Asker: 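Dropping a structure here in C-alpha cells format, bear with me for questions.
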Amino acid sequence: MASELNLQFLEGVASEVAPRLLGCELERREGNQVIRVKIVETEAYDQTDVASHSYKGRTQRTDVMFGPAGYLYVYFTYGMHYCCNIVVGKEGHGAAVLIRAVEPVEGSEIMAARRGKSGVDISNGPAKVCQALAIDKKLNGHDLRSGVLRLIPKPDLPDEMIVQTVRVGISQGKDLPWRFYIKSNPYVSRPNS
DNA sequence: AGCGGGATTTTCT
DNA sequence: GAAAATCCCGCTT
C-alpha cells in the first residue's frame, strides 16, 4: 500500500522526474535469483519533444507511454537492442524516462554472465542495462509496483551530485538539456558530455 | 584511445 | 524504403 503511494512523484513532467530517478533502485527477480541495481543515468522524453517516440501521437508501439505513470516502456531498436523507460506524467500524456545506465548493487555476477562482460561494461548503456536485467518485449507495459521488476524509490540526491546535459544518440531535439547522471559515477555511459 | 562500419528488424513515410 | 533514444569488433594511430 505504502509502496503505491511513494511512486507518486512519477506523475510530474519528464524533465523534472528524470533527475529524481537517479539513485532509485530496480529489483529484478527471476525464480530465486535477485538482481538489484541503482539508476545512475536517465533521459527525459515528452510528447512535446520531437525526439520522443510519443511526439507523433499514440500508436500501438507508444501506447504504454500514454498510460499512467509507473509502468515500463520497452522498445526495440537498431535491429538488435532493447531499451527500457519508466512511464511518467499523467495518463493520456505521452512521456517517459529512459534508463541509460545502472550500477549493480546485488547479483552482479548474474549480470556479468548474461552480458559476457565485466566491470562497467555490464551496464553502462541503455541496451546493456536491458540485457543485464533480462528485459525484453515481454516486460513492455509491466507494472513497476509489483512482480518480477520493481522500482524502489529513494530520497532525492543533492543537486551537486547531479550533472545535467544534452541527450545521446538523437538527431532532433539535440539542444534540450534532458540528460541527467550522477557525478563521477563510473557506470555513466558517456561521462565526457 | 579513437574512428569506422556492420549487424538486423521494427516502425513510420 | 530509410532511419533508428545502440553496441561491438577490428583497424589505425
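Fair warning: this is a prediction, and the values are worked out from it, not measured in the lab. Lettering follows sequence order; numbering is per chain, from 1.
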Asker: Given side chains that start at C-beta, do those of A/Arg179 and A/Gln164 come closer than 4.5 Å, heavy atoms only?
Answerer: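 Counting from C-beta outward, A/Arg179 and A/Gln164 never come under 4.5 Å.
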Asker: Once you apply a heavy-atom cut-off of 4.0 Å, does A/Arg115 come out as touching a base, just sugar-phosphate, or nothing?
Answerer: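 The answer is sugar-phosphate, as A/Arg115 gets under 4.0 Å only of primed atoms, P, OP1 or OP2.
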Asker: Go nucleotide by nucleotide along DNA chain C from the 5' end; which of A/Gln172 and A/Val129 gets its closest nucleotide reached first?
Answerer: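 Nearest nucleotide further toward 5': that of A/Gln172.
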Asker: Work out how far the C1' atom of C/dA5 is from that of B/dC3, and round it to whole angstrom.
Answerer: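 Nearest-Å result for C/dA5 against B/dC3 at atom C1': 22 Å.
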Asker: What does A/Leu98 touch in the nucleic acid at a heavy-atom separation under 4.0 angstrom: a base, only the sugar-phosphate, or nothing?
Answerer: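 Base contact.
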Asker: Would A/Arg167 and A/Tyr45 count as a cation-pi pair here, with the cationic atom under 6.0 angstrom from the ring centre and within 45° of the axis?
Answerer: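 Relative to the ring axis of A/Tyr45, which defines the angle, A/Arg167 lies inside both limits.
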Asker: Over how many whole Å does the gap from A/Ile170 atom CD1 to C/dA4 atom C1' extend?
Answerer: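 For the pair A/Ile170 CD1 and C/dA4 C1', the rounded distance is 12 Å.
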Asker: Given A/Leu72, which partner from the list A/Asp143, A/Ile135, A/Leu26, A/Leu151 fulfils the side-chain contact (heavy atoms from CB on, under 4.5 Å) test?
Answerer: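 It is A/Ile135, the one option of A/Asp143, A/Ile135, A/Leu26, A/Leu151 that forms the side-chain contact (heavy atoms from CB on, under 4.5 Å) with A/Leu72.
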Asker: On DNA chain C, check which nucleotide each of A/Asp121 and A/Ser52 is closest to and give me the residue with the more 5' one.
Answerer: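 With A/Asp121 and A/Ser52 compared, the 5'-side residue is A/Ser52.
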Asker: Check this one for me: any side-chain N or O of A/Lys117 less than 4.0 Å away from OP1 or OP2 of C/dC7?
Answerer: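 So the side chain of A/Lys117 is outside the cut-off, no N or O lying under 4.0 Å from OP1 or OP2 of C/dC7.
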Asker: Between A/His53 and A/Asn85, does the side chain to side chain donor-acceptor pair (under 3.5 Å) criterion hold? Intermediate values first, please.
Answerer: CA-CA 11 Å; A/His53 292 164; A/Asn85 301 245; over 6 Å; no
Asker: Would A/Tyr73 and A/Tyr71 count as a close aromatic pair, with their ring centres under 6.0 Å?
Answerer: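 No, too far apart.
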Asker: For A/Asn124 and C/dT6, what is the distance between atoms CG and P respectively, to the nearest whole Å?
Answerer: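 For the pair A/Asn124 CG and C/dT6 P, the rounded distance is 13 Å.
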Asker: If you look at every strand shown and take non-hydrogen atoms under 4.0 Å, does A/Ala127 touch a base, only sugar-phosphate, or nothing?
Answerer: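 If one applies the 4.0 Å heavy-atom cut-off, A/Ala127 turns out to touch the sugar-phosphate alone, with no base involved.
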Asker: State whether A/Arg150 and A/Glu27 are salt-bridged, where the test is any N-O pair (Lys NZ or Arg NE/NH1/NH2 against Asp/Glu carboxylate O) under 4.0 Å.
Answerer: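 Salt bridge absent between A/Arg150 and A/Glu27.
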Asker: Would you indicate, yes or no, if C/dT6 has its OP1 or OP2 atom less than 4.0 angstrom from a side-chain nitrogen or oxygen of A/Arg100?
Answerer: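 Result: yes.
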Asker: Rounded to the nearest 0.5 Å, what separates atom CD1 in A/Ile35 from atom CD in A/Glu25?
Answerer: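 Nearest 0.5 Å value for the CD1-CD distance: 13.5 Å.
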Asker: Counting primed atoms plus P, OP1 and OP2 as sugar-phosphate and everything else as base, spell out the protein contacts along nucleotides 7-13 of chain B at 4.0 Å heavy-atom distance: B, S or - for each nucleotide, 5' to 3'.
Answerer: BBBSSSS
Asker: When both hydrogen-bonding distances must be under 3.5 Å and the geometry is Watson-Crick or G-U wobble, what is C/dA3 paired with, if anything?
Answerer: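 Because both required distances fall under 3.5 Å, C/dA3 counts as paired with B/dT10.
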Asker: Tell me whether the side-chain N/O atoms of A/Arg190 come closer than 4.0 Å to OP1 or OP2 in C/dT6.
Answerer: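 For C/dT6, neither OP1 nor OP2 has a side-chain N or O of A/Arg190 closer than 4.0 Å.
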